Amino acid sequence: MFKINENYQKLPGSYLFSTIAKKVAAFSEANPGKEIIRLGIGDVTQPLAPAIIEAMHKAVEEMGNADTFRGYAPDLGYGFLREAIVEHDYKPRGCNISADEVFVSDGAKSDSANIQEIFSAGNRIAVCDPVYPVYVDSNVMAGRAGVYHGESGTWSNVVYMPCTMENGFVPEFPKEVPDMIYLCLPNNPTGTTITKSQLQEWVDYANRVGAVIIYDGAYEAYISEEDVAHSIYECEGAKECAIELKSYSKNAGFTGVRLGYTIVPKELKCGEVSLNQMWARRHGTKFNGAPYIVQRAGEATYSPEGKAQLEGQVAYYMKNASAIKNGLQSAGYTVFGGVNAPYIWLKTPDNMTSWEFFDFLLERANVVGTPGSGFGPSGEGYFRLTAFGSYENTLTALGRIKGL
Ligand SMILES: *Cc1c(COP(=O)(O)O)cnc(C)c1O
């Protein structure tokens, strides 16, 4: 008789967003006249930029013509996109990345979940706490996380690096040496980031202890400060220890279009074994390429018009972010993030738990956010608001919160 992968049974239910949805639905039903503003979910709201739509239309036409029709895309991505990535995302930053180190995919969520499978089941992972849940759950499914302790909300074989007010949201080197380190910078959910020299210390640490860094750069486009690295490969020695994940979801609004890429440098080796070749093999076996139309859309993000339009979109969201940050600060809240990322991470007032503050905000201001404790134990006592709403709704929500 068949058996299932028992590791799936170890996963605790993912109650965060379903609990939020249930609470919001119950509130709406009880208060039909109240207009609720959602600043909870990390999804974009602005439509695709005109340069991208134009490129997609053109690609659609090509697909309808026998001379220009394309079937399966190359497993690892079309040359035009891989070259554009090198030219625009790496060369200007002084990063020596070549096109055969770029692996085009359908997004960073799948890459961040899949990348663990080229590593030993015996490896120990380290994650920031709070954390984007995919890193941990994908390792649970692979049998790498150990046993779940419901009370502490932690896994026995995962090394947690708390990121809190006390350490300025900068992860510290863990006491137990991990094999794989997940870093998401700028960070979801805290909206904070670290300086390039702090990142360099992590690269040096990984090279010293023989760990690999899985670096999620999904929010790179939101960096506004000078001393923050746009790629981990700006750090010396990163090609020997780091894999970088990128996504077009947050910089170009591709959450529904689906496109991302992963960099696996040729210098990254385990003994004589090249991880670049392993990932090429994995990708070639399990992935049949991102759609041609979508890869053309990705290419259009690098055209002069595309770049200008996307800068405008990012600026729009960051205007929301500063409005939230400044507004809450003037109302007496302790607020983090919102400078290099579209997330505001606030300390709940009066020692409320994250969920108490959720209920308070929903009932009194009719505003929905995300309880920090949903991202890990160190998120307790914090709360996330996103800048992805409309400017008008953001201001209305703020006005209500200030009036509490
Ligand atoms: C949104 C997000 C991504 C992007 O995921 P896609 O699958 O590319 O849409 C990756 N990592 C983090 C931390 C995110 O918040």
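Note that ligands are numbered from 1 as they come in the structure, with each ligand's atoms numbered from 1 the same way. Just so we're clear, the structure is a prediction, and the values are computed from it rather than from any experiment.
- Looking at atom 15 (O) of ligand 1, its nearest protein heavy atom turns out to be Tyr219 OH, 2.6 Å.
- Annotation: atom 5 (O) of ligand 1 to nearest protein heavy atom, Lys109 N, 3.5 Å.
- Atom NZ of Lys319 sits in a sparse spot, with 12 or fewer heavy atoms from other residues, nucleotides or ligands closer than 6.0 Å.
- Trp155 has its ring centre no less than 6.0 Å from the ring centre of Tyr160.
- Regarding atom 9 (O) of ligand 1, its nearest protein heavy-atom neighbour is Ser249 OG, 2.6 Å.
- Between Ala108 and ligand 1, an N or O atom pair is found at a separation short of 3.5 Å.
- Using a 4.0 Å cut-off to heavy atoms of Gly107, the atoms of ligand 1 that qualify are 7 (O), 8 (O).
- Nearest-heavy-atom check against atom 2 (C) of ligand 1 across Lys246, Lys250, Arg258 picks out Lys250.
- Other residues, nucleotides and ligands contribute more than 12 heavy atoms inside 6.0 Å of the NE2 atom of His149.
- Protein heavy atom closest to atom 11 (N) of ligand 1, with residue, atom name and distance, is Asp216 OD2, 2.7 Å.
- With a 6.0 Å cutoff to the six-membered ring centre and a 45° limit on the axis angle, Lys347 counts as a cation-pi contact of Tyr382.
- Each of the following atoms of ligand 1 lies closer than 4.0 Å to a heavy atom of Cys184: 13 (C).
- A donor atom on one side chain and an acceptor atom on the other are found under 3.5 Å apart for Asp89 and Tyr302.
- Ring geometry, Tyr219 versus Tyr343: the interplanar angle exceeds 60°, so the pair is classed perpendicular (tilted spans 30 to 60°).
- Judged by distance alone, the side chains of Ser354 and Glu380 do bring a donor and an acceptor atom under 3.5 Å apart.
- Those atoms of ligand 1 with a heavy atom of Ala218 less than 4.0 angstrom away are 3 (C), 10 (C), 11 (N).
- Residue Ser247 has at least one heavy-atom neighbour below 4.0 Å for each of these atoms of ligand 1: 4 (C), 6 (P), 8 (O).
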